[in-house]
Amino acid sequence: MLIPIIVRIDGTDYRGELNDSETAAAVAAALPLQGAASRWGDEYYWSIGIDADTADDARATFGVGELGYWPPGDAFCIFFGQTPASSGDEPVMASAGNPIGWITDDVTALRGTAGGASIEVRRA
């Protein structure tokens, strides 16, 4: 079952959904989440303290607006464009991570922001 969420980035709300994976369920159980995110290219990420293993469907390439969990850093990731690991237009993690959902609103405006961000993820 998909779980509707709101992702607030520096005061702006974006609608999204967590998928029905085990990792997304662990994230949902930990909501609300807040953090000061770091930026890696056009990706925000921060440690969320859930300690999930790499899933069978883990991958490095994500879509713009997709949400991921990166097990080595225990990190919630929001992709809105190219990362330093990208060779094309798609965001690429440093190593494989778990897909956990997506933001359904347009996130491309985040590309013009500088540095990290204050982020909150909560149930819609």
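We're numbering straight along the sequence, starting at 1.
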Worksheet item: Got L110 and D42 here, is their nearest side-chain heavy-atom distance under 4.5 Å?
Response: no
Item to complete: With side-chain contact (heavy atoms from CB on, under 4.5 Å) as the test, would you mind laying out the steps for Q34 and R8 before giving the verdict?
Response: CA-CA 9 Å; Q34 294 181 333; R8 176 170 281 177; over 6 Å; no
Discussion item. According to side-chain contact (heavy atoms from CB on, under 4.5 Å), who are the partners of T83, at least two apart in sequence or on a separate chain?
Written reply: W40, E43, F79, A85, S86, P91, V92
Worksheet, complete the sentence: Sequence neighbours excluded, the answer for salt bridge (Lys or Arg N to Asp or Glu O under 4.0 Å) partners of R123 is none
Discussion item. Is a donor from one side chain sitting under 3.5 angstrom from an acceptor on the other, for D10 and S118?
Written reply: no
Worksheet item: By ring pair (Phe, Tyr, Trp, His ring centres under 6.0 Å), which residues pair with Y14, not counting sequence neighbours?
Response: none
Discussion item. For the CH2 atom of W70 and the SG atom of C77, what is their distance to the nearest 0.5 Å?
Written reply: 8.0 Å
Fill in: Reported CD1-to-CG distance for the pair I48 and D51, which is rounded to 0.5 angstrom
10.5 Å
Worksheet item: Looking at R59 and M93, what are the two nearest heavy atoms and their distance?
Response: O-SD, 4.3 Å
Discussion item. Working note: L2 + L18, criterion side-chain contact (heavy atoms from CB on, under 4.5 Å); need CA distance, chi angles, decisive distance, verdict.
Written reply: CA-CA 6 Å; L2 300 177; L18 294 176; over 6 Å; no
Worksheet item: Roughly how far apart are L31 CG and I3 CD1, rounded to 0.5 Å?
Response: 7.5 Å
Discussion item. Looking at every non-hydrogen atom in both residues, tell me the closest pair between R39 and G115 and how far apart they are.
Written reply: CD-O, 3.2 Å
Practice prompt. Decide yes or no for S95 and P72: does some side-chain heavy atom of the first lie under 4.5 Å from some side-chain heavy atom of the second?
Written response: yes
Worksheet item: Quick one: CG on D13 to CD on E120, what's the gap to the nearest 0.5 Å?
Response: 8.0 Å
Practice prompt. Could I get the full list of ring pair (Phe, Tyr, Trp, His ring centres under 6.0 Å) partners for F76, not counting sequence neighbours?
Written response: W46
Worksheet item: Hey, does P32 have a side-chain heavy atom less than 4.5 Å from the side chain of V121?
Response: no
Worksheet entry | For T61, all residues meeting side-chain hydrogen bond (donor to acceptor under 3.5 Å, both in side chains), sequence neighbours excluded | none
Worksheet item: Same hydrophobic cluster for I78 and I6, using side-chain heavy-atom links shorter than 4.5 Å among ILVMFWY?
Response: no
Worksheet item: Should W102 and Y44 be regarded as members of a common hydrophobic cluster, given that ILVMFWY residues are connected when their side-chain heavy atoms come within less than 4.5 Å of each other, either directly or indirectly?
Response: no
Worksheet, complete the sentence: All heavy atoms of A24 vs all of N19, minimum pair found to be CB-OD1, 3.2 Å
Practice prompt. Specify the closest pair of heavy atoms between A52 and Y69, including all atoms of both residues, with the distance to one decimal.
Written response: N-OH, 3.1 Å
Worksheet item: Does the Q82 side chain pair with the main chain of G88, one donor and one acceptor, at a distance under 3.5 Å?
Response: yes
Worksheet item: Any chain of hydrophobic side-chain contacts (each under 4.5 Å) joining Y45 to I5?
Response: no
Discussion item. A quick test of your reading: do over 12 heavy atoms of other residues, nucleotides or ligands sit less than 6.0 Å from CZ of R15?
Written reply: no
Item to complete: Quick one: closest heavy-atom pair of G97 and F62, and the distance?
Response: O-CZ, 3.7 Å
Fill in: Inter-residue atom distance T113.OG1 - I9.CD1, 0.5 Å rounding
8.5 Å
Worksheet entry | Minimal non-hydrogen separation, D20 against M1, with atom names | CB-N, 3.4 Å
Worksheet entry | CG-CD1 distance between N98 and I100, expressed to the nearest 0.5 angstrom | 8.5 Å
Discussion item. Going by salt bridge (Lys or Arg N to Asp or Glu O under 4.0 Å), name the residues that satisfy it together with E17, two or more places apart in sequence or in a different chain.
Written reply: none
